[in-house]
Amino acid sequence: MSESTLSKAYDAASVEKRWYGLWEERGYFAPSDAGQAPAYCIMIPPPNVTGSLHMGHAFQDTIMDALIRRQRMLGGRVLWQTGTDHAGIATQMVVERQLEAEGTSRHDLGRALFLERVWKWKQQSGGTIVRQLRRLGASCDWSRERFTMDPAMSHAVREAFVRLYNEGLIYRGKRLVNWDPVLLTAVSDLEVIAEEEQGSLWHLRYPWAEGEGYVVVATTRPETMLGDVAVAVHPDDERHAHLVGRELLLPLTGRRIPVIADTHVDPAFGTGCVKITPAHDFNDHEVGARHQLPVINIFTPDARINDQAPEAYRGLDRFEARKRVVEDLQQAGLVERIDPHKLMIPRGDRTKAVLEPYLTDQWFVKAAPLAEEAMRAVEDGRIRFIPGNWDKTYFEWMRNIQDWCISRQIWWGHRIPVWYGPDGHPFVCNCEEMVYEMAAERYGQVVRLTRDPDVLDTWFSSALWPFATLGWPKETPELQRYYPTQVLVTGFDIIFFWVARMIMMGLKFTGEVPFREVYITGLVRDADGNKMSKSKGNILDPLDLIDGIDLESLVEKRTRDMMQPQLAAKVAAATRAEFPNGILAFGTDALRFAMAALAVQGRDIKLDLGRVEGYRNFCNKLWNATRFVLMNAEGHSFTGLVEARTLPDRWILSRLQKVIAVMDGAMERYRFDEAAAALHRFLWGEFCDWYLEMVKPVLYDEALAEVEKNHTRRVMVATLECSLRLLHPLMPFITEELWQKVAPLIGRGGATIMRAPWPVVEASREDAALEAEADFVMALVTAVRNVRGEMDIPPGKRLPLLVSGEAGAIEMLRRHEGLIAVLAKLESWSELAGDVPEGAATAVLPGMRIFMPLSGIIDPAAEIARLEKTLQKLEADLARVTGKLTNAGFLSNAKPEVVAGEQAKAREFTEKRQVLLDSLTRMRRLGGAG
RNA sequence: GGGCGGAUAGCUCAGCCGGGAGAGCAUCGGCCUUACAAGCCGAGGGUCACGGGUUCGAACCCUGUUCCGCCCACCA
C-alpha cells in the first residue's frame, strides 16, 4: 500500500541522509562521456582548508549546484571542479597558534619539521569544509578534487613563475612594501585594510642648524623623525620659499637635514612643512628618490628601533619609542602642540597588526602589461559581468593597477623556484636538478646553490586555478574540453584578489579567458543587515539551519573562542533575544530554496529565517501533494494514455509549459529569485490549491468510467513528475526521494533524477483560450468564497446560486457546473428569472452577475458594508480610466491596443458599478425594512 | 577626493519595454473540508524617500536633494 511508504509529514533529515552517499558512490557527479555533447564547466572558488562552511558558501554553492544540476539534466558533459586552497598565511597562523599552546614555535621546529606539521594538520582537519559542502548537496566531481599544494598544482605554479620571469614580467627589487611586523612578512596592497582611527597630529619644532629659530612640522608618527632626512615645503608656498636650501638640526639625533621644495606638499595641511622619512612612508620615499636623499631605516623587522637610531631608543617597540620621542622633545621644548586627529591606519587583513612601509627585497609581477589584455577581454565581451555594473569596478582597478608583490616571508606555500649562486646570481627553473646544471655551465664547475627562502602569495596559485586544475601546462583532454569554463560564481570582495588575476593569468598562459561570465553574488547578512562575523557574534552556521540547534548550544557556539571575551555576555543576550527557542531544523532543500529565492541581483541579502521556514513548509506541501497523488494513482494502469480531456487536466498542462519556459529563462539570466518564485507559485498556488482540488470530483465520481479517471490520473502524475525535475536543481534531495516513487507510475523511472532529462516545453499543450475558461471558473469560485468568507457563512453550508449575464459566460458555467459546485460548495444554480430576490448577496464577474439569496442567513448591514467597500474601489478605478479616455492626448498618442484596453475596462467597470448600486439599493431597502 | 549600490505594505523583498501597486512572513476573521494545522478559505494594510522635469500617462526615464551601505585613494 502506497501510503505506508511516505510518512505523514516531511522529515528532511531522513530523506537527505539517504541520497548523497548513493549519488557520490555511483559516480553521478562525474561528467557523462556523452559523445560530442556540449561541455559545461564551473570552477568552485576553492575554500580555504582552514575554513568551515559559512552562509556565503551556502549561497554561492547553492547557485553553482543549481546551474550544474540543470546542465547535467540538459545532457551536457558537465564538470564542477572542486578543491581547496592552502591559504598560506591563514593556515600557517592556525598551526603556529597550536605550537604556541604547546609552548613551542615554528622556529624551534625548523622549516622542514614545521611543514610536516602543517601537512599533518591538513590531513586531519583540512577535510571539514568539504564534508560540510556535501551536506549542502553540492554535486561537485569529488574524484577530481584538487588542493592548491598538490604536486601537479605546484608544478603549474613553478612553470607560471618561470615563464613570467623569462619574459621579464616577474622581477626582484628592493622596494618599500607593506610589512607585517607580527607575521614578519610582506603583504600585497590588497591585504592592507585601512581604517579610520583616532590619533594625534604632533606639531614639532626643528631648530635651524645655524642661527635662531625653528621650523614647525606636523606629523602623525613622531617616532619616525629619527629617520628623517629632510623637511619639505611646497615650491610655490611664499611663506616658506626663503627656507629652501637652509639646514635644520634634527632633534635627538644631531643630524643636519636640508629643507627642500617638492610639490608633494599640501601647503594647506598642517604647517605646510613636512618631515621626510623615505624609509617609513610611501610618499616620502618618492620625494627622497626625487631629491637623491639617503634612506635611513630605523626599524627592525618586528618594528623595534634599530641601531641606525640614537642609542637611547634602540630596542624600543615602535609605540614605546613614540612615547619616548615625544617626551624627550617636550623636555627640550620642541613640541609646539598636539592636536587630536583622525587618520587611516593600515592593518593586516589576517593579523590586524599595524603595518609598516618597510624596505626589503621582494618579488613582483609587472601587472600593467597583463592588465591591458585583461581589460580588453571584458571590453569586447569575451567576459561578461553579471550584474553588468561590476565591470566598472574591474576597469577602475585595472586602469590603476600596481605591481603585485608576490613573495611572502612565511613557510607554508609554494616556494619560489629561484636559486642563488655564490655570487648571488639567480637561477630560475621549474626543475631543481636542471638548476644545478645551469649553474655548472655558468661557473664551469658544480657549485652550491641556496634556494630563495620565500614562498608565493597564495593568490598566485589561485590565479592559475581554472586551468591548472585541468592539467595545465600539459595539453590534457580536460583542458581542451572544459576550458574556457562557462561561469564563475563569486563575491565582489575578491574581484581584485582573484577574478582579475585569473583573467590576467588565464589570458597569458592559455590565450583564452578563464570563464565567459562572472556572476557576482551579494553578501549574506544577518536579519539586521549586519555583516556576519565571529567578533560580532552574529554568525549563522548553514548546518544549524539544516539540522537545527537548541538555544544553549547556539549561545555556546557563538561565545566560544572569542577574540574579545568581554563581548561574550552581550552576544549571549542578543542571541537569547533573537532565538528564544533556538533554531528549527529546516533541512538542506529549504535552505537552498531560500538562498535561490533571495538571490536578487545587485543587492546583499538579509537572511530571513521566516523565509527559510516558509520553504521548509513548501517541502512539506510538496511531500503531501505527492502522497495524495500516489494514493490516487498507484495501483492503476494508464500506460498509453496521452490525452488531456478535462478542463483541469488541460489547464494544468498548459500552465506547466509556462513554468518550464519561465524556469529556463530565469536560469539562463541567473535570476534564481524568479525561478524559485515561479516554481513556488505553480506548485503551491496552481497545482495544489486548484488542480488537486479540481481533480477530486473526477476521481471520487463513482459514476465515472475508470478510463476517464485514468486520463486524469496520468496527467496528475505526469505534471508532478515533470515539476519534480524542474525543481531538482534547487531542491535535490526531496525531489529525488519523491521522483523515485512518482516517475515509475508513468514508466519514466531511472536510477536517479539527476540524470533524468530536463523538461522541454511542449507548445501543443499551451492553450490560451482554455486558460481563459479556467480563469473564469476560478474567478467564479473565488467570488462565491469571498461572499462566504465575508459573510461568515459556515464552510459546510451549501448555497444556491442565481446568475445572469452573457450567453457565453452562462455556457461556461453550465459546462463546468459539477466542478464549480464542488469547489464553491453550491447546492444548486439557476438563471435568474424575474427580480433579484430580497437579501441576495451580489458579485460581478466578466460577463456575469451572481446572486446568492441569503435572506435570513446574512446580516444586511454587513453586506451593505461589503458592497460599499467594493464600490469604493471600483469608483476609483472607473475615475482613473474615465480620466484617460476623456484626455485627448491619451486618445491620440497612446498605442491603439492600450486605448482599446482602457475602453474595455471602462465598459466592465460601468456595468459592475451599476450592478453594485442596484444591490446596494435592495440591501438598504431590506435593512431599512428589517 | 573618486566610484558603485540602495530607499516600494509592520518585516524581508519582487515589480522586465513607461499604461490598472505584487509575493512571502507577520496581523485580523472563519475552518480539524479523510494529501497537508508545517494546512485550508477569506480580509485588512502603500504619499513607491523628497523636490523639479520629460510625457497623454512615471515606482519605472532625466535632474537636484536627503538619508543608509559598500569599494577605491599617499594629505603628512
[X] [atom1] to [N] [atom2], straight-line distance once rounded to whole Å:
{"X": "A/Met344", "N": "B/C72", "atom1": "CE", "atom2": "C1'", "answer": "10 Å"}
{"X": "A/Asp673", "N": "B/G22", "atom1": "CG", "atom2": "P", "answer": "19 Å"}
{"X": "A/Asn530", "N": "B/C68", "atom1": "CG", "atom2": "P", "answer": "15 Å"}
{"X": "A/Asp189", "N": "B/A73", "atom1": "CG", "atom2": "P", "answer": "7 Å"}
{"X": "A/Arg785", "N": "B/U33", "atom1": "CZ", "atom2": "P", "answer": "15 Å"}
{"X": "A/Arg616", "N": "B/G39", "atom1": "CZ", "atom2": "P", "answer": "8 Å"}

When we call it a touch if two heavy atoms are under 4.0 Å apart, what does [X] touch: a base, just sugar-phosphate, or nothing?
{"X": "A/Ala677", "value": "nothing"}
{"X": "A/Asn389", "value": "sugar-phosphate"}
{"X": "A/Phe618", "value": "nothing"}
{"X": "A/Cys688", "value": "base"}
{"X": "A/Glu396", "value": "nothing"}

Inset, instruction - Step by step, work out the salt bridge (charged side-chain N to carboxylate O under 4.0 Å, His left out) result for A/Arg913 and A/Glu875. - result: CA-CA 8 Å; A/Arg913 178 167 169 275; A/Glu875 296 279 17; 3.0 Å; yes

The side chain of [X] lies closest to which of these nucleotides: [options]?
{"X": "A/Glu674", "options": "B/C16, B/C56, B/A38", "result": "B/C16"}
{"X": "A/Lys8", "options": "B/A38, B/C16, B/C36", "result": "B/C36"}
{"X": "A/Lys873", "options": "B/A35, B/G44, B/A38", "result": "B/G44"}
{"X": "A/Lys884", "options": "B/U12, B/G19, B/G39", "result": "B/G19"}
{"X": "A/Asp792", "options": "B/G30, B/G19, B/G24", "result": "B/G30"}
{"X": "A/Lys392", "options": "B/C71, B/A43, B/C4", "result": "B/C4"}

Inset, instruction - Provide the distance between the two C1' atoms, one in B/A26 and one in B/A59, to the nearest whole Å. - result: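 It works out to 24 Å between them.
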
Return the pairing partner of [N] with a 3.5 Å limit on both distances, Watson-Crick or G-U wobble; otherwise return none.
{"N": "B/C16", "result": "none"}
{"N": "B/C4", "result": "B/G69"}
{"N": "B/U33", "result": "none"}

Inset, instruction - Enumerate the residue pairs fulfilling side chain to side chain donor-acceptor pair (under 3.5 Å) with a member in residues 583-607 of chain A, sequence neighbours excluded, ordered by first and then second residue. - result: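 Qualifying pairs: A/Glu16-A/Thr588, A/Asp65-A/Arg592, A/Arg525-A/Asp604.
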
Pair of N/O donor and acceptor under 3.5 Å linking [N] base with [X] side chain:
{"X": "A/Lys621", "N": "B/C36", "value": "yes"}
{"X": "A/Gln402", "N": "B/A73", "value": "no"}
{"X": "A/Asn283", "N": "B/C74", "value": "yes"}

Inset, instruction - Enter syn or anti for the glycosidic conformation of B/C70, syn applying to angles within 90° of 0. - result: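 It is anti.
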
Residue pair [X] / [Y], side-chain donor-acceptor N/O under 3.5 Å:
{"X": "A/Thr910", "Y": "A/Lys912", "value": "no"}
{"X": "A/Asp262", "Y": "A/His291", "value": "yes"}
{"X": "A/Glu191", "Y": "A/Ser188", "value": "yes"}

Inset, instruction - Would you tell me if any nitrogen or oxygen in the side chain of A/Arg603 comes within less than 4.0 Å of OP1 or OP2 on B/A7? - result: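 So the side-chain polar atoms of A/Arg603 do come within 4.0 Å of the phosphate oxygens OP1 or OP2 of B/A7, strictly under.
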
Inset, instruction - Respond yes when some side-chain nitrogen or oxygen of A/Asn893 is under 4.0 Å from OP1 or OP2 of B/C56, and no when none is. - result: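 Checking B/C56 against A/Asn893, a side-chain N or O does come within under 4.0 Å of OP1 or OP2.
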
Inset, instruction - Would you check if the distance from the ring center of A/Trp179 to the ring center of A/Tyr358 is below 6.0 Å? - result: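 Yes, close enough.
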
Legend entry - Parallel, tilted or perpendicular: ring planes of A/Tyr615 versus A/Phe618, cut at 30 and 60 degrees: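 Aromatic pair A/Tyr615/A/Phe618 classed perpendicular.
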
Legend entry - Within residues 263-273 of chain A, residues whose heavy atoms come under 4.0 Å of RNA chain B: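 Listed by number, they are A/Val265, A/Asp266, A/Phe269, A/Gly272.
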
Legend entry - Residue pair A/Glu197, A/Arg347: steps toward the salt bridge (charged side-chain N to carboxylate O under 4.0 Å, His left out) verdict: CA-CA 11 Å; A/Glu197 293 180 25; A/Arg347 291 179 182 273; 2.8 Å; yes

